[in-house]
Structures are given as structure tokens and as C-alpha cells.
Amino acid sequence: MSSQSSPAVVVDPGRGMHTREVSLRPVGPGEVEVEVRSAGVCHSDLHVLNGDWPTDRPLILGHEAAGVVTATGAGTTGLEPGDHVVLSWFAPCRRCRKCAAGKAWLCTETRAVDNTLPDGTTPFTDADGEQVWPYLGLGAFTERLVVPESAAVKVPEELPFDVGALLGCSITTGIGAVANTAEVRPGESAVVIGTGGVGLSVVMGLRLAGADPIVAVDLSPERREAALRFGATHALDGAATDVAAWCREELGGADHVFEAIGSPRVIETLPDMLTSGGAAVLVGMAPIGATGAFDLFDLADQGKRILGCNYGSSVGQVDIPRLARLYLSGRLPMDDLIGTIRPMSEVEAAFDDLKAGTGLRTILRP
Ligand SMILES: NC(=O)c1ccc[n+]([C@@H]2O[C@H](COP(=O)([O-])OP(=O)(O)OC[C@H]3O[C@@H](n4cnc5c(N)ncnc54)[C@H](O)[C@@H]3O)[C@@H](O)[C@H]2O)c1
Ligand SMILES: [Zn+2]
Ligand SMILES: [Zn+2]
């Protein structure tokens, strides 16, 4: 049980990003306390930091993490202290119609997107008693956190924590986009635009699914190189290539296009890349309120589809252990996604890595 104070990486509308000491309250019914061992730095944290998704309250960043259960509350049924877990940032309620239909990623009752626990509270306070809120209901850039049991997914102890952390967001999102959202079949063609942590996970998923060709597009030569290592058959410079024209000429239009940047300007170009009946999957998250324009006649006439993709249309309890098993049996090169490993105190440098595209996924360890 808790709790001394520990440092946490907080973004505050008035103060920007800084480290603040926070205390954690003990677990309540249905909750677990988790000691964070590894946390990835995802572009969604950067969207909060740079104001794409504004917050009016201090938030502890971090939503891609793995750790060890240190305490369980009354009524928890599936977890015990010592269990290794991946944190899942869309804690489903397990009761709403979407959850009942097996679509946990569409849960209508989750409060994670409001950056609170399911009861609308936060488990964190600072030394002045001010409440500090968990980004996506987790707040993983700190030493320990409290979450509902549905946000902690048990994984095998052999799974390295750094891989587990990436399973918490980028990998599950990227592979899920291929397997669940787009349902890619062997031999279908696919284009991935933006090959950071999420886009490279899409590439991994496409290789597993047997897509061919797999075309990666990025502005960074290192990212294009990485995409080829992860299984892309072609890599294009997004700044120097008219990707839609390339897709029409070389592929007769792609069966699937995945956008993993969150750029409205790029998203508007996706339908032009598709063959008739093809699907554009929006994995990247645009700034709140952003809109886009498409040729509406072409969409209808050619039966093209635009699919939204939250969390890779994944059910954490099902998909995370499944992907962990595929990693452990050598089927997915998830280790290769791990970039620089830094102590939590180097969070500024970690965001600089992300902004500059240095290395692949930077990991923070408390
Ligand atoms: N759908 C979801 O549930 C979900 C989950 C996680 C992340 N995301 C979103 O996915 C997006 C990507 O996240 P990430 O962590 O992989 O980011 P990242 O910063 O690691 O990767 C983005 C990549 O896009 C490339 N890029 C930028 N502009 C480009 C352009 N015009 N053309 C080609 N390439 C370009 C960059 O060089 C970089 O390699 C973000 O918007 C993030 O919020 C969505
Ligand atoms: Zn993320
Ligand atoms: Zn629900």
C-alpha cells in the first residue's frame, strides 16, 4: 500500500511541462496499484504537450507502460501482487452496449478519455493538496499509479517490460489497425504514411498478415530505412513523391492506406491513393476540431471507405496477451522498435527525440 511522494512528469496549462512530487492514494475496490517499470513516449503525449489537445488541468503524462502489481483492492478477481501487467489506456466499463458487443475500444462509459478514473476522481495529489490528473486514466510518467482492474492486463513474466510498455499503445494500435480495423488479407497491397512507433507497428502487422506490396512513406530517411527492416517492400520520401500518383501508376490504387501521422493535409490525400473498394484507415490523431475535404462523388462512385481506428479496434484483455505470445514465439520483432532508454529525469530529451525522429521509440524508466 502507498504512499510516499514520487516525482511525476506533469503538463499544466499555466506552467508547461515540469516534474512535480505527487502522492498516490491507496487502492479502492476494483482497483490495482502498479509500479511502473517502463513507459514509452508516444506522439499522443506530444499532442497534449503542444496544445493540439488542450487540457485545463494539470495532467501526469504517459499512457504506454508496463509494470508490476503492488496492491489489489477489494473485489478484484484477475490480478495479484507480483503479476506483470501492461497498462491499457482505454479502461473499458465492461457493461455498456459496446463492451457487451465485444467492442471495448468503443466503450461509451469509459472516463479514461476525460483523464480521470472511472468515478471521475484522480488518485494523485501534490504537496499543496492540489489534484493532479492521470492522462488517459493512467498517468504513467511516475513511479506508481492506481487504475481500475480493467486497465491492467496480465502478461507473461518473460515479456520484457520495455516491450510490454510498447504493447500498451503503439504496437497494439498499429497491428490492430491491420488485423482488426482493416482486416487485411494475404496478398493485398498496403501503404503506410508516417512510420514512427505506430506506423512501424502497422508495417509489422502487415508483414504478419502477408500484405504485398507494403509501401512505407516518411520524410525521414532513418524512418524509411527502419520501415524496410520491419518488412516494407518499398519506401518513399513523402516530400519528394506524389504518393497518390505513385499508387495509381504502380499499384492501380492501393487496397489499404494507413495514415499514422494525424495530419489533416495528408489525410485529405488518402482516397486518391485507393483502388475501388479500398479502405483508408485513420490511425493518426488530428488536432481536436480539425476537418478535411474529399471528392465525395469519387468516394461513393468507387466504393472507397474511410475507417476510423481507435486503439487498433482492440480489446486489451484479448489482443495484448495474444501479441505478447506472438512476440515470445519470435513472430514479431518488437525489440527493434525500442530506441533510446532514458531515466524519467530525461523526459525533455525524450520529447526532443520524438520531435526530431531520433531513434525509434524512446523509453522512460522511473
Ligand atoms: N488511433 C490510436 O488509437 C492512436 C494510438 C497511438 C497514437 N496515435 C496517433 O498516431 C500518430 C503517430 O504517433 P507516433 O507515436 O507513431 O508518432 P511519431 O512522431 O513517432 O511518428 C510520426 C511519423 O510521421 C512522419 N511524418 C510526419 N509528417 C509526415 C508527412 N507529411 N509525410 C510522411 N511522414 C510524415 C514523421 O517523420 C514520423 O516518423 C499520432 O497522431 C498519435 O497521436 C493514435
Ligand atoms: Zn499512444
Ligand atoms: Zn463500456
Side-chain angles (χ1 to χ4, degrees), residues 39-50 52-53 61-65 87-113 118 135-136 138 140 150 165-174 176-177 181 191-203 216-227 235-241 243 258-267 269 281-288 290 307-315 337 339 351 353-362:
V41 184
C42 174
H43 207 109
S44 297
D45 296 296
L46 185 56
H47 281 305
V48 176
L49 194 57
N50 68 17
D52 287 341
W53 305 339
L61 291 174
H63 64 280
E64 179 176 78
L87 295 169
S88 168
W89 54 255
F90 199 71
C93 77
R94 295 176 168 170
R95 289 182 307 276
C96 75
R97 283 167 62 186
K98 301 292 165 63
C99 283
K103 298 184 175 181
W105 68 95
L106 298 176
C107 174
T108 53
E109 299 302 314
T110 186
R111 300 294 303 273
V113 286
Y135 178 45
L136 290 173
L138 301 178
S150 68
L166 301 189
L167 275 170
C169 185
S170 48
I171 295 178
T172 299
T173 297
T181 315
V191 179
V192 186
I193 309 177
T195 51
V198 174
L200 288 171
S201 299
V202 173
V203 172
V217 183
D218 205 291
L219 305 178
S220 142
E222 295 88 56
R223 290 287 161 88
R224 295 197 295 275
E225 284 296 314
L236 306 178
D237 178 354
T241 318
V243 180
F258 298 85
E259 202 271 6
I261 308 164
S263 159
R265 201 178 49 74
V266 172
I267 291 169
T269 66
V281 184
L282 309 194
V283 191
M285 294 280 189
I288 287 173
L307 309 177
C309 174
N310 192 30
Y311 217 160
S313 311
S314 298
V315 179
L337 208 54
F351 277 107
D353 293 343
L354 184 65
K355 289 179 209 161
T358 307
L360 297 179
R361 200 59 145 195
T362 297

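Atoms within each ligand, like the ligands themselves, are counted from 1 in listed order.
For atom 6 (C) of ligand 1, the nearest protein heavy atom (residue, atom name, distance) is C169 SG, 3.3 Å. Summary of contacts: the protein heavy atom closest to atom 36 (C) of ligand 1 is D218 OD1, 3.5 Å. Nearest protein neighbour of atom 9 (C) of ligand 1, counting heavy atoms only, is M285 N, 3.7 Å. Of the protein's non-hydrogen atoms, V198 N, 2.9 Å is the one closest to atom 16 (O) of ligand 1. Scanning all protein heavy atoms for the shortest distance to atom 44 (C) of ligand 1 gives V283 O, 3.0 Å. Scanning the protein heavy atoms around atom 27 (C) of ligand 1, the nearest turns out to be I261 CG2, 3.7 Å. Atom 15 (O) of ligand 1 has as its closest protein heavy atom R361 NH1, 2.6 Å. What sits closest to atom 18 (P) of ligand 1 on the protein, heavy atoms only, is H43 ND1, 3.6 Å.
The SG atom of C93 and the SG atom of C96 meet at the Zn ion (ligand 3) at an angle of about 110°, given to 10°.
Proximity to G197 (heavy-atom distance under 4.0 Å) selects the following atoms of ligand 1: 16 (O), 20 (O). Atoms of ligand 1 found under 4.0 Å from any heavy atom of W53, numbered from 1 in the order shown, are 43 (O). Atoms of ligand 1 lying under 4.0 Å from any heavy atom of L354, numbered from 1 in the order shown and given with element: 19 (O), 20 (O). The contact set between ligand 1 and N310, taken as ligand atoms under 4.0 Å from a residue heavy atom, comprises 3 (O). For ligand 1, the atoms lying closer than 4.0 Å to a non-hydrogen atom of H47 are 40 (C), 41 (O), 42 (C), 43 (O).
Look at S170 and you'll find every heavy atom at least 4.0 Å from all atoms of ligand 1. Contact analysis leaves W105 out of contact with ligand 1, as no non-hydrogen atom separation drops below 4.0 angstrom. Judged by the shortest distance from any of its heavy atoms, W89 lies inside the 4.0 Å radius around the atoms of ligand 1.
Here 3 is the count of protein N, O or S atoms positioned under 2.8 Å from the Zn ion (ligand 2), waters not counted.
With sequence neighbours left out, A112 forms a side chain to side chain contact (heavy atoms under 4.5 Å, CB included) with T110. Looking at residues two or more places apart in sequence or on another chain, you find a salt bridge (charged side-chain N to carboxylate O under 4.0 Å, His left out) between R111 and D114. Residues forming a salt bridge (charged side-chain N to carboxylate O under 4.0 Å, His left out) with D353 (at least two apart in sequence, or on another chain): R342.
Looking at E64, its side chain does come within 3.5 Å of a backbone N or O of S170 through a donor-acceptor pair. Between the T269 side chain and the V266 main chain, a donor and an acceptor come within less than 3.5 Å of each other. Of the possible donor and acceptor atoms, none in the side chain of R224 sits under 3.5 Å from a partner among the backbone N and O of V217.
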**OP:** Applying side chain to side chain contact (heavy atoms under 4.5 Å, CB included), run through T108 and R97 and close with a yes or a no.
**Re:** CA-CA 8 Å; T108 53; R97 283 167 62 186; over 6 Å; no
Original post:
Should R361 and C42 be marked as a side chain to side chain contact (heavy atoms under 4.5 Å, CB included) after you check the CA-CA gap, both sets of side-chain angles, and the distance that decides it?
Top reply: CA-CA 8 Å; R361 200 59 145 195; C42 174; 3.2 Å; yes
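Taking the six-membered ring for Trp and thresholds of 30 and 60 degrees, Y311 and W89 have nearly parallel ring planes, at less than 30 degrees apart.
Which of G284, G238, A260 comes nearest to atom 12 (C) of ligand 1 through a heavy atom is settled by distance: it is A260.
Residue contacts with ligand 1 for V266 involve side-chain atoms from C-beta outward but no N, CA, C or O (heavy atoms, distance under 4.0 Å). Under 4.0 Å from ligand 1, the heavy atoms of T173 that appear belong solely to its side chain.
Side-chain contact between S201 and L337: present, with at least one pair of heavy atoms (C-beta onward) separated by less than 4.5 Å.
Ring-centre distance between F90 and W105: not below the 6.0 Å cut-off.
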